[in-house]
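Each remark here refers to the structure printed beneath this line.
Start at 1 and go down the list; that is how both ligands and their atoms are numbered. Just the heavy atoms: all of them, side chains too, but no hydrogens, waters or symmetry mates, feed the values below. Numbering of residues begins at 1 and proceeds along the displayed sequence.
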Amino acid sequence: MDTKFYVDMEDLYGAHNYLPLDVVITKAKGVWVWDVEGKKHLDFLSAYSAVNQGHCHPRIVKALTDQAKKLTLTSRAFRNEQWPLLAKELCDLTGYKMALPMNSGSEAVETAVKAARIWAYKKKEIPQDEAEIIVCSNNFHGRTITIISFSTESLYRKDFGPFTPGFIVVPYGEIGALEKAINQNTAAFLVEPIQAEAGILFPPEGYLREAKELCEKNNVLFMVDEIQTGLGRTGKLFGCDHEEVKPDVLVIGKSLGGGCYVISAVLAEREILELFTPGTHGSTFGANPLACAVAREAIRVIREEKMVENSAEQGIYFLKKLKTIKSKLIKEIRGRGLLIGIELKPEAGGARRFCEALEEEGLLCKETHENVIRFAPPLIIKQKELNWAFKKVKKVFKELS
Ligand SMILES: *Cc1c(COP(=O)(O)O)cnc(C)c1O
């Protein structure tokens with residue numbers, strides 16, 4: 001069967017809520033994937049950073065299959081051995097005292113929002129239903145109704161109202177705007193260390209530290225969404241580590257499941273997460289032993305195989321190399337670790353055609369918004385593979401310029 005067969009079938013029977021490149025992947029190993037026609041590609045997206053450990057990492061696959069043969073689901077009506085072990089290992093890894101497990105990233109963000117609100121009423125004594133959470137323009141935190149309620153992207157919101165109240169939007173990176181927005185009903189500030197979906201946007205240096213200080217001063221929770229930037233993507237374990245700040249509430253997901261399973265978590269101090277009492281929150285699949293066994297191994301391989309260090313080292317190497325490309329179409333190349341964006345000028349005709357041309361060359365990446373090409377290879381990538389990728393990028397820029 002060829003590509004067209006699957007593309008046509010998907011487009012006929014599957015909802016069109018994505019616009020994927022027309023490459024139908026059938027198997028993968030490490031940084032490489034193969035399509036149904038036998039062509040080999042280098043994965044330069046890593047499933048939006050959910051496959052940071054590389055595809056089908058043998059140790060993670062083994063943890064998955066071993067656990068799958070033993071026990072997969074108990075629900076939280078009963079206990080299993082894997083969740084307490086993962087909870088402790090997550091706390092040991094991050095320095096927090098408690099963890100709350102969910103499945104998708106969106107669910108973990110929703111959980112953080114609920115944590116902020118319950119904390120606001122029980123601890124800060126904000127009047128019922130008046131808690132406010134401050135968020136940033138151009139944020140991306142997921143797709144549920146509450147989360148799109150505080151999105152500033154009309155494509156995510158249009159025709160999906162009415163929306164959840166209680167959110168205030170301030171410009172990303174402007175500390176003065178945050179300061180002005182805080183009032184006695186402010187429960188939390190929710191922010192991404194780097195806005196990946198918005199086009200790899202960096203706040204000014206010191207922003208996260210200043211925001212954290214401001215939150216502390218005003219008794220506001222500093223909540224950071226590290227679903228995409230966390231677990232080594234930016235060359236440190238967390239994006240916030242670049243400014244040495246520790247959020248009050250940390251949200252992780254994506255590569256916590258090692259690309260093999262879906263799992264997310266919210267981490268915080270005990271005085272926040274202990275406010276959830278039986279019945280106030282939950283998920284049937286949350287903390288299932290299969291997800292937990294996979295996550296435990298996913299974390300272990302990141303540390304033992306030095307993926308964070310590799311991300312930092314290769315990120316610096318590749319960014320420097322990319323910056324040698326001279327093209328009139330490039331506005332800016334920016335990145336941290338292995339999260340890199342090439343922003344094109346408006347006259348470049350959009351990032352999509354570059355991604356399509358790179359796909360032809362065997363390099364799989366994806367545009368984010370109109371004009372940014374995002375590069376985010378698995379964190380196990382080697383210099384040799386980056387050199388190969390660089391040649392392809394250089395060639396495509398030459399041809400399309
Ligand atoms: C992907 C992502 C989410 C949403 O995670 P899902 O698993 O797709 O629900 C939230 N925040 C950020 C920063 C993300 O990159």
* To do: Name the orientation class of the two ring planes belonging to Phe150 and His141 (parallel below 30°, tilted from 30 to 60°, perpendicular beyond 60°).
  => tilted
* Asked: What pairs meet the salt bridge (charged side-chain N to carboxylate O under 4.0 Å, His left out) rule with one or both residues in residues 172-186, with sequence neighbours excluded?
  -> none
* Asked: Does anything in residues 357-383 pair up under salt bridge (charged side-chain N to carboxylate O under 4.0 Å, His left out), and if so which pairs, sequence neighbours excluded?
  ->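 Matches after skipping sequence neighbours: Glu197-Arg374, Arg352-Glu367, Glu361-Lys392, Glu361-Lys395.
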* Output the set of protein residues with a heavy-atom contact under 4.0 Å to ligand 1, ordered first by chain identifier and then by residue number. => Ser104, Gly105, Ser106, Phe140, His141, Gly142, Glu192, Asp225, Ile227, Gln228, Lys254
* Counterpart residues, side chain to side chain donor-acceptor pair (under 3.5 Å), relative to Glu269 (two or more places apart) ->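 By the side chain to side chain donor-acceptor pair (under 3.5 Å) rule, Glu269 matches Lys246.
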* **Any donor-acceptor N or O pair under 3.5 Å, side chains Tyr6, Asp35** => no
* **Separation of Leu329 CG from Ser401 OG (nearest 0.5 Å)** =>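 If I round to the nearest 0.5 Å, the distance is 4.0 Å.
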